[in-house]
Amino acid sequence: MAAKTPVRILGLETSCDETAAAVVEDGGKILSNVIATQADLHAKYGGVFPEMASRQHIRTIHAVVEQALQQAHLALENIDAIAVTQGPGLPGSLVVGVNYAKGLALASGLPLLGINHLEAHIYSAWLASPEQDSVLPEPQFPLLALLVSGGHTELDLMTDHLTYRQLGATRDDAAGEAFDKVARLLHLPYPGGPSIQKAASDGNPQAYRFPRARLEGEWDFSFSGLKTAVLRMVRQIEQTPGRLPVEDLAASFQTAVVDVLVSKTILAAQKCQAREILVAGGVSANRALREAFVSQKSFPVHIPPLSLCTDNAAMVACAGYYHFINGRRDTLDFDVKPNWRLVKTEL
Ligand code: KG4
Ligand code: ZN
């Protein structure tokens, strides 16, 4: 019997400040995963400077794609389809990736698929870990996905591949946005999430009791009250001379975020009788959050390995694979969708 021909997808990601390209085989095996980060470029502005981001994508995208193909030891002829992030994200950044992908598709004759960045984050849980040799079991449906990134925080029930129903979302700041804003309040460098985590590792999480917006009976989140509580505490402390207890403030803030995310996700998973929980998006790189999910005993949890939590193109290729085998093909006239939501209908 002839061996099954592998399906190889070239993924491209330029939604924010990472220029990334990757080749993934059969939706799980990473053949290459190249990321050119712009973090240093934006650090002096304390956040992403959109126009600079798109110009930097233009400078690097060609080399990043070439490197991804080289590292996979493949040429475009060995690729089955191109998957590119179509949204949500910064319009100018998305346009660079989408137009580059269209050019490649036109020149090579390969099919092109526009991928939702949030869906791609979720699909990072289907990628085989580059950090471990053993193959982890695939996530099982129905599963509850907690998506926690810089721009989004939501709970989505997945009953099958590519099938989502939203239970709740943030009413104000996304969890990552809260990390970034509180980092700025504490004079910690961009990006805020890793800075808060680092400072928190030397702090006491019980030093300050910050509010947890539970929104009883609802599956939505709210983080702006917590951010304001940190701001008030910082102002109060700054009225007396002395050093700001950044470590204690960071640890107390982080523990409040983790507490709300974990408790609400478990309750929601119980309510919708999910078999498993999946956590994805940049904030899922947070050590305290990972430890809290791993130590709870209510549900099996899938959290991507650290290198796949933040923006990358392997996750885009993986989501692209599931659309590709489902028969989807896009025409070359699609536009970017900077505000694209993963789910329109709510439970
Ligand atoms: O998914 P992502 O890379 O980009 C978006 O799609 O937004 O997420 C970026 C967000 C940022 O807000 C960043 O501060 C946060 O993820 N983040 C973290 C950590 N690493 C990244 N937040 C908390 N702890 C971390 N270790
Ligand atoms: Zn992202």
Side-chain angles (χ1 to χ4, degrees), residues 11-20 22 33 35-39 42-43 46-48 50 53 84-90 93-94 97 115-125 145-154 169-170 173-186 188-201 203 205 223 226-227 250-251 253-262 278-293 303-316 318-319 337-342:
L12 269 73
E13 157 64 38
T14 63
S15 68
C16 192
D17 61 344
E18 322 281 3
T19 317
N33 189 21
I35 305 172
T37 181
Q38 306 177 2
H42 301 286
V48 179
V84 62
T85 303
Q86 189 183 352
L90 299 171
S93 290
L94 290 166
I115 301 297
N116 183 303
H117 181 82
L118 308 176
E119 181 168 60
H121 270 301
I122 288 176
Y123 270 90
S124 57
L146 169 68
L147 188 66
V148 269
S149 69
H152 296 83
T153 295
E154 56 188 69
T170 184
D173 293 344
E177 195 178 352
F179 268 96
D180 294 335
K181 287 179 176 170
V182 168
R184 232 171 287 158
L185 285 177
L186 300 180
L188 293 169
Y190 167 86
S195 297
I196 294 257
Q197 172 174 307
K198 189 157 174 270
S201 64
F223 293 107
L226 170 59
K227 177 193 64 193
F253 160 77
Q254 179 177 263
T255 211
V257 176
V258 169
D259 198 6
V260 171
L261 289 175
V262 175
L278 186 161
V279 189
V283 181
S284 66
N286 184 268
R287 201 184 308 131
L289 184 70
R290 298 170 80 87
E291 284 170 5
F293 269 115
I303 312 182
L306 279 182
S307 61
L308 299 175
C309 288
T310 43
D311 291 348
N312 64 84
M315 66 185 195
V316 178
C318 180
K337 293 182 179 173
N339 300 312
W340 194 2
R341 291 177 58 179
L342 178 59

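Atoms within each ligand, like the ligands themselves, are counted from 1 in listed order. Note that these values count all heavy atoms, side chains included, but never hydrogens, waters or copies made by symmetry.
Across all their heavy atoms, C16 and D311 have their closest contact at CB-OD2, 4.1 Å. Contact detail for S93 and A53: the closest heavy-atom pair is OG-CB, 3.7 Å. S15 and P88 get closest at one heavy-atom pair: CB-O, 3.7 Å.
Listed by atom number, the atoms of ligand 1 under 4.0 Å from P194 heavy atoms are 19 (C), 20 (N), 21 (C), 25 (C). Ligand 1 places these atoms under 4.0 Å from at least one heavy atom of G176: 12 (O). Below 4.0 Å from some heavy atom of G151 lie the following atoms of ligand 1, by number and element: 7 (O).
Inter-residue side-chain proximity for V258 and F293 is flagged as unmet; no heavy-atom pair is nearer than 4.5 Å.
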Using the side chain to side chain contact (heavy atoms under 4.5 Å, CB included) rule, take I122 and M315 through it: C-alpha gap first, then chi angles, then the decisive distance, then the call.
CA-CA 8 Å; I122 288 176; M315 66 185 195; over 6 Å; no

Passes side chain to side chain contact (heavy atoms under 4.5 Å, CB included), V262 versus L289? Steps please.
CA-CA 8 Å; V262 175; L289 184 70; 3.9 Å; yes

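Scanning the protein heavy atoms around atom 12 (O) of ligand 1, the nearest turns out to be D180 OD2, 2.7 Å. For atom 26 (N) of ligand 1, the nearest non-hydrogen atom of the protein is Q197 OE1, 3.0 Å. Closest to atom 17 (N) of ligand 1 among all protein heavy atoms lies G282 O, 3.6 Å. Among protein heavy atoms, the minimum distance from atom 2 (P) of ligand 1 is reached at D311 OD1, 3.3 Å. Summary of contacts: the protein heavy atom closest to atom 6 (O) of ligand 1 is H117 NE2, 3.0 Å. For atom 18 (C) of ligand 1, the closest non-hydrogen atom of the protein is G193 CA, 3.5 Å.
Near-neighbour remark for the Zn ion (ligand 2): protein N, O or S atoms under 2.8 Å are H117 NE2, H121 NE2, D311 OD1; waters not counted.
Proximity of a side-chain donor or acceptor of S195 to a complementary backbone N or O of P189 within less than 3.5 Å is detected.
The pair R287-E291 does not count as a salt bridge, with every side-chain nitrogen at least 4.0 angstrom from each carboxylate oxygen.
With a 4.0 Å heavy-atom cut-off, ligand 1 is reached by no atom of H152.
In terms of N/O distances under 3.5 Å, ligand 1 is approached by G150. Polar contact with ligand 1: present for N286 (N/O pair, distance under 3.5 Å). On a distance-only criterion, F179 and ligand 1 share no N/O pair closer than 3.5 Å.
Each of T170, L146, L147, V148 was checked for a side-chain contact (heavy atoms from CB on, under 4.5 Å) with E154, and the lone residue meeting it is L147.
More than 12 heavy atoms of other residues, nucleotides or ligands shown are found within 6.0 angstrom of CZ on R290.
Under the ring-ring contact (aromatic ring centres under 6.0 Å, His included) criterion, F179 pairs with F253, sequence neighbours left out. Shown here are the side chain to side chain donor-acceptor pair (under 3.5 Å) partners of T255, two or more places apart in sequence or in another chain: there are none. By the side chain to side chain donor-acceptor pair (under 3.5 Å) test, T85 is found to be paired with E13, residues two or more places apart in sequence or in another chain being considered.
For C16, the heavy-atom gap to ligand 1 stays at 4.0 angstrom or more.
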